Number of protein chains: 2
Amino acid sequence: MNGPDRTVVEICSALGDDTRWAILRRLEAGAASASALAEGLPVTRQAISRHLEILRGAGLVERERHGRELRYRAVGTRLGAAANQLGLMAAAWDRRLELLRERATSGTEPGQPG
Amino acid sequence: MNGPDRTVVEICSALGDDTRWAILRRLEAGAASASALAEGLPVTRQAISRHLEILRGAGLVERERHGRELRYRAVGTRLGAAANQLGLMAAAWDRRLELLRERATSGTEPGQPG
DNA sequence: ATTTAGTGCAATCATCCTGTTGCACTTCAC
DNA sequence: GTGAAGTGCAACAGGATGATTGCACTAAAT
């Protein structure tokens, strides 16, 4: 658990917005174009298009031409990897806390290194 | 996979910032106060204090009095739950894509519902 | 060729976020 | 009590972000 991948920060940043979650929820029901998404959300097509670019940059979404429209679909690969990494990190944090408690029980004070 | 928990969005938002990652990385090496953290990071103590409040609001960090100082430590419980949820979501997305490919192979076009 | 649907790009605006400085308050040490 | 360390709160500046409008471009349908 050295440092967080750049990708993870990017994914988290992308998932830190309500509108983007709304978009992803729509995409869970099937691929859709920016215009189609705009008809069900309280923002303009251009705003959604921008959000989709961010999601695509984070690897959460891919697009595909279908005639004159671009259909976006949610892709789980990157998100799965990020989730795994976060899970490991969380486990490490909890493990650390357990170790501290064990040492506390054995009477040794675990001061700050540095 | 109905909708994302409010907590997950908050956690993602909290993890979408580089300074906060830097703080968490420090906390992985041991609990520390805002002032102590400020000595190793290129931002002021007040800025760090604000970040710590955000991390605390997301449940990624807890604090504890030690004399006149407040020591913060990373807690994995919430993050673990969020990671799990994200992992399930990612798996669902990939599963959806597989289903589409299966149907495509059997000749049926999976148009958009709606 | 004209119309229509879908998209992209640029400029603009309001808002939020991050970081700063400055000051007041508490608490430990002397 | 005095000084120093640690913290909290408030006001402010700068930059990033989310959303809008307006216009131009491409591709399918008539």
Side-chain angles (χ1 to χ4, degrees), chain A residues 4 6 8-27 30-58 60-73 109 111-112 114, chain B residues 4 6 8-27 30-73 109 111-114:
Chain A
R6 251 268 153 280
V8 179
V9 187
E10 204 173 352
I11 288 180
C12 289
S13 183
L15 292 180
D17 180 89
D18 288 319
T19 304
R20 285 194 280 272
W21 274 99
I23 291 176
L24 289 173
R25 241 173 286 153
R26 297 264 166 171
L27 292 184
S33 67
S35 299
L37 290 167
E39 287 178 1
L41 292 173
V43 288
T44 60
R45 192 253 319 166
Q46 288 86 338
I48 291 183
S49 191
R50 258 200 124 6
H51 283 300
L52 285 169
E53 275 311 294
I54 292 175
L55 291 171
R56 203 160 71 92
L60 301 177
V61 150
E62 285 180 1
R63 68 181 183 185
E64 195 175 337
R65 291 218 76 95
H66 271 259
R68 65 181 154 188
E69 76 180 354
L70 281 173
R71 282 192 198 163
Y72 293 81
R73 68 166 186 277
E109 268 295 338
Q112 303 309 108
Chain B
R6 252 262 160 285
V8 179
V9 188
E10 205 174 352
I11 287 179
C12 288
S13 183
L15 292 180
D17 180 88
D18 288 320
T19 305
R20 285 193 280 272
W21 274 98
I23 290 176
L24 289 174
R25 241 173 287 152
R26 298 264 167 170
L27 291 184
S33 67
S35 299
L37 290 167
E39 287 178 0
L41 292 173
V43 288
T44 60
R45 190 253 321 166
Q46 288 87 337
I48 291 184
S49 191
R50 258 200 127 0
H51 283 300
L52 285 169
E53 274 311 293
I54 293 175
L55 291 171
R56 204 160 71 94
L60 301 177
V61 150
E62 286 181 358
R63 69 181 182 185
E64 194 176 338
R65 290 217 77 94
H66 271 259
R68 65 182 152 186
E69 75 179 354
L70 281 172
R71 282 192 197 163
Y72 293 80
R73 67 166 187 275
E109 267 295 336
Q112 302 310 107

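Side-chain atoms are counted along with the backbone in the values below, which use heavy atoms only and exclude waters and symmetry mates. Below, chain A is the first sequence line, B the second, and so on; all start at residue 1. What you see is a predicted model, and the numbers here were worked out from it, not measured in a lab.
A heavy-atom distance below 4.0 Å to DNA chain D is reached by these residues of residues 49-64 of chain B, ordered by number: B:S49, B:R63. For residues 40-47 of chain B, proximity to DNA chain C is found at B:P42, B:V43, B:T44, B:Q46, B:A47, defined as any non-hydrogen atom under 4.0 angstrom from a strand atom.
Side-chain N/O atoms of B:T19 include none lying less than 4.0 angstrom from OP1 or OP2 on C:dT18.
For the atom pair CD (B:E39) and CG (B:L41), the distance works out to 10.5 Å, reported to the nearest 0.5 Å. Separation of atoms CG (A:L15) and CG (B:L15) is listed at 10.5 Å; rounding is to 0.5 Å. Distance check: A:D17 CG to B:C12 SG gives 11.0 Å after rounding to the nearest 0.5 Å. Atom CG of A:D18 sits about 11.5 Å away from atom CD1 of A:I23, to the nearest 0.5 Å.
A:Y72 has its OH atom 11 Å from the C1' atom of C:dG6, to the nearest Å. As rounded to whole Å, 13 Å separates atom C1' of C:dA5 from atom CG of A:L70.
Using a distance-only test at 3.5 Å, with no hydrogens or angles considered, no donor-acceptor pair links the side chain of B:R26 to the main chain of B:A32.
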Look for any protein N or O under 3.5 Å of an N or O in nucleotides 27-30 of chain C and output each such pair with its distance, or none.
unit_1 : atom_1 : unit_2 : atom_2 : d
C:dT27 : O2     : B:R68  : NH1    : 3.4
C:dC28 : O2     : B:R68  : NH1    : 3.4

List the atom pairs, with distances to 0.1 Å, where a side-chain N or O of residues 47-64 of chain B and a protein N or O form a donor-acceptor pair under 3.5 Å, not counting sequence neighbours.
unit_1 : atom_1 : unit_2 : atom_2 : d
B:H51  : ND1    : B:R20  : NH1    : 2.9
B:E53  : OE1    : B:R56  : NH2    : 3.4
B:E53  : OE2    : B:R56  : NE     : 3.2
B:E62  : OE1    : B:R73  : NH2    : 3.0
B:E64  : OE1    : B:R73  : NH1    : 2.7

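B:E69 is linked by a salt bridge (Lys or Arg N to Asp or Glu O under 4.0 Å) to B:R71, counting only residues two or more places apart in sequence or in another chain.
Once you apply a 4.0 Å limit to the heavy atoms of chain A, the touched nucleotides of DNA chain D run 5' to 3' over D:dG18 to D:dA28.
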